[in-house]
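All figures in this text were calculated on a predicted structure; none of them were measured in a lab.
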Amino acid sequence: MGAFELRSANRRAAPQATDRIVAVVGDASSEEVVKNLMLDQGITHAFVTRGHIGDAIELMRGIEHSPRHLLVDVSDSSMPVSDLMRLAEVVDPSVNVVVVGDRNDVGLFRSLLRMGVEDYLVKPLTVELVQRALTASDPSASVRAGKAIGFIGARGGVGVTTIATALARHLADKTRRRIAYVDLDLHGGAAASMLGISSNNGLAELLQNTQRLDQQLIHQTSVAQSDRLSVLSAALPYEQPLALRPGTVGELVAALKRHFHYVVLDLPQRAGGFVEETLDACETIHVVSDRSVHAARETARLCRFAEGRPADAAVSVLLNNAQQPVRGRVAQADFVHALGRASVLDFPYEPQTLAVAENLGEAIADGKHSAFARAVVALADAITGSDAPAVTARSPWYARLLPKRSAK
């Protein structure tokens, strides 16, 4: 490929799915340096353009597949750390981000490294400088990881999958995060049906091949519900058990967190090593209950159990009115008092809306017309860091960008 062909290719309106490197730099000199590096190294799958961090955010918001490396210029940014936090919302955790600036500031450099940025380059750029940044080892890769969110029911029929699938759709469609939904009922969970897709037994395949968990295998075994929501599920024959070695679930979740902003884990049961491993892989655990005395008791037990796990996850309670309100059910005030906690989010009884959405495999009606949808939005706001009075998140949304000791 000649120089003219590369320059023409890099004037495309947007990056392509095959691009491994995307560079958004603020001046002609930096742009020329990056293009020269691409030519020298024979790198054809690259996108280089002139712009600033706001342009990079818009590019990443619309791209279907994130690149491996992102070079972004913050020279004109008055608040580079805040702007990079906004960028983190639309970039996969696995992307190596290299920041370019014109300030030789040690404090800024350290702040960016703590956020999980791969490197900070001070202008003027050189081909050798950019090459080292793009090919260096990635010691901070373990810092940049998505967040695992677990959903478990205090009893059967309380609406765990209904709430979890609604949340996953909202996060994918409205916030544009990349979401992995994992239905851990290996013998035919309801998530695939509720999301309007068919199961391909991909989850069972992944769990049996955790030694080769790479992006390609995850892509092949998951079902794309949309460009931002991937689903892992299985529908094994009822008589076919799946024997897994200890640690398998944790390895799977860790791999998914490298490629998705949020991993939604739909747990089918309450006991056993399989569930314990899943709970230990979560940063946040939501216990779903209804207004029965039995559910209230089991919710209290589950909360104590989850909070006593070594992972020290943040635990909250979702009170779902899955059945028609009648006299004799536990009042919310009594439920909250019995649990001894204030972080209980109430999901209203809305049978018609949910029945249509579930059976057609569609999203729940807009929040303007659905109180249940508004509760889903409140839950999503709590998870992503917006104010939500009913649910208390232990950490801000950007905790995944910080060292582990700072995220607690």
Side-chain angles (χ1 to χ4, degrees), residues 149-170 183-185 189-191 193-194 264-271 275 279 284-308 313-360 363-383 388-393:
I149 310 165
F151 288 83
I152 187 169
R155 59 181 291 183
V158 295
V160 171
T161 303
T162 299
I163 294 174
T165 53
L167 172 72
R169 280 185 189 253
H170 176 82
D183 188 341
L184 290 162
D185 185 343
S193 176
M194 289 186 178
V264 179
L265 301 166
D266 184 343
L267 285 85
Q269 57 191 27
R270 290 172 289 161
V275 169
L279 294 177
T284 304
I285 299 169
H286 299 288
V287 179
V288 184
S289 183
D290 64 11
R291 295 177 181 272
S292 65
V293 172
H294 174 64
R297 290 173 175 168
E298 289 302 301
T299 297
R301 292 181 61 204
L302 265 175
C303 287
R304 289 194 299 270
F305 179 73
E307 290 171 339
V315 180
S316 67
V317 176
L318 309 180
L319 183 56
N320 186 30
N321 293 273
Q323 299 177 353
Q324 183 176 2
V326 295
R327 293 181 62 184
R329 300 205 188 282
V330 179
Q332 181 176 358
D334 295 334
F335 189 94
V336 172
H337 179 73
L339 290 179
R341 59 175 63 223
S343 56
V344 175
L345 178 59
D346 189 74
F347 284 76
Y349 178 68
E350 204 168 293
Q352 185 62 47
T353 300
L354 297 182
V356 171
E358 176 180 342
N359 290 313
L360 296 181
I364 298 172
D366 187 86
K368 294 180 181 178
H369 307 97
S370 168
F372 190 94
R374 290 195 293 274
V376 171
V377 172
L379 177 60
D381 287 345
I383 289 171
V391 179
T392 303

Looking only at heavy atoms, which two atoms of [X] and [Y] are closest? And how far apart?
{"X": "Ala365", "Y": "Ala373", "result": "O-CB, 3.3 Å"}
{"X": "Asp183", "Y": "Ala190", "result": "OD2-N, 3.4 Å"}
{"X": "Ser316", "Y": "His286", "result": "OG-ND1, 2.6 Å"}
{"X": "Leu345", "Y": "Ala375", "result": "CD2-O, 3.7 Å"}
{"X": "Leu267", "Y": "Gly150", "result": "CD1-CA, 4.3 Å"}
{"X": "Ala357", "Y": "Ala363", "result": "CB-O, 4.0 Å"}

Does a side-chain heavy-atom distance below 4.5 Å link [X] with [Y]?
{"X": "Ile364", "Y": "Phe372", "value": "yes"}
{"X": "Phe305", "Y": "Cys303", "value": "no"}
{"X": "Arg297", "Y": "His294", "value": "no"}

Taking atom [atom1] of [X] and atom [atom2] of [Y], what is their separation to the nearest 0.5 Å?
{"X": "Thr161", "Y": "Glu358", "atom1": "OG1", "atom2": "CD", "value": "9.0 Å"}
{"X": "Ser289", "Y": "Asn320", "atom1": "OG", "atom2": "CG", "value": "9.0 Å"}
{"X": "Leu379", "Y": "Ile163", "atom1": "CG", "atom2": "CD1", "value": "8.0 Å"}
{"X": "Ile383", "Y": "Thr284", "atom1": "CD1", "atom2": "OG1", "value": "6.5 Å"}
{"X": "Leu279", "Y": "Ile152", "atom1": "CG", "atom2": "CD1", "value": "5.0 Å"}

For this session: Output, in order, the C-alpha distance, side-chain angles, deciding distance and verdict of side-chain contact (heavy atoms from CB on, under 4.5 Å) for Phe347 and Leu318.
Result: CA-CA 7 Å; Phe347 284 76; Leu318 309 180; 4.0 Å; yes
Ignoring hydrogens and geometry beyond distance, is a side-chain donor-acceptor pair present between [X] and [Y] at under 3.5 Å?
{"X": "Arg155", "Y": "Ser292", "answer": "yes"}
{"X": "Ser370", "Y": "Glu350", "answer": "yes"}
{"X": "Asn321", "Y": "Asp290", "answer": "no"}
{"X": "Gln323", "Y": "Arg329", "answer": "yes"}

Exercise. So, Asp266 side chain and Leu184 main chain: donor-acceptor pair closer than 3.5 Å or not?
Worked result: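 Not at all, since once roles are kept as given, no pair shorter than 3.5 Å links the two residues.
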Exercise. Between Asn359 (side chain) and Ala355 (backbone), is there a donor-acceptor pair under 3.5 Å?
Worked result: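 Indeed, once roles are kept as given, a pair shorter than 3.5 Å links the two residues.
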Exercise. In this structure, which one of Asp346, Leu319, Val293 forms a side chain to side chain contact (heavy atoms under 4.5 Å, CB included) with Phe335?
Worked result: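 That would be Leu319; it is the only one of Asp346, Leu319, Val293 passing the side chain to side chain contact (heavy atoms under 4.5 Å, CB included) with Phe335.
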Exercise. Do you know which of Thr162, Val160, Val317, Thr299 makes side chain to side chain contact (heavy atoms under 4.5 Å, CB included) with Val288?
Worked result: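 Output: one option passes, namely Val160.
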For this session: Evaluate the side-chain contact (heavy atoms from CB on, under 4.5 Å) criterion for residues Gln332 and Val336: first the C-alpha distance (whole Å), next the side-chain angles of each, then the deciding distance (0.1 Å), finally the verdict.
Result: CA-CA 6 Å; Gln332 181 176 358; Val336 172; 4.1 Å; yes
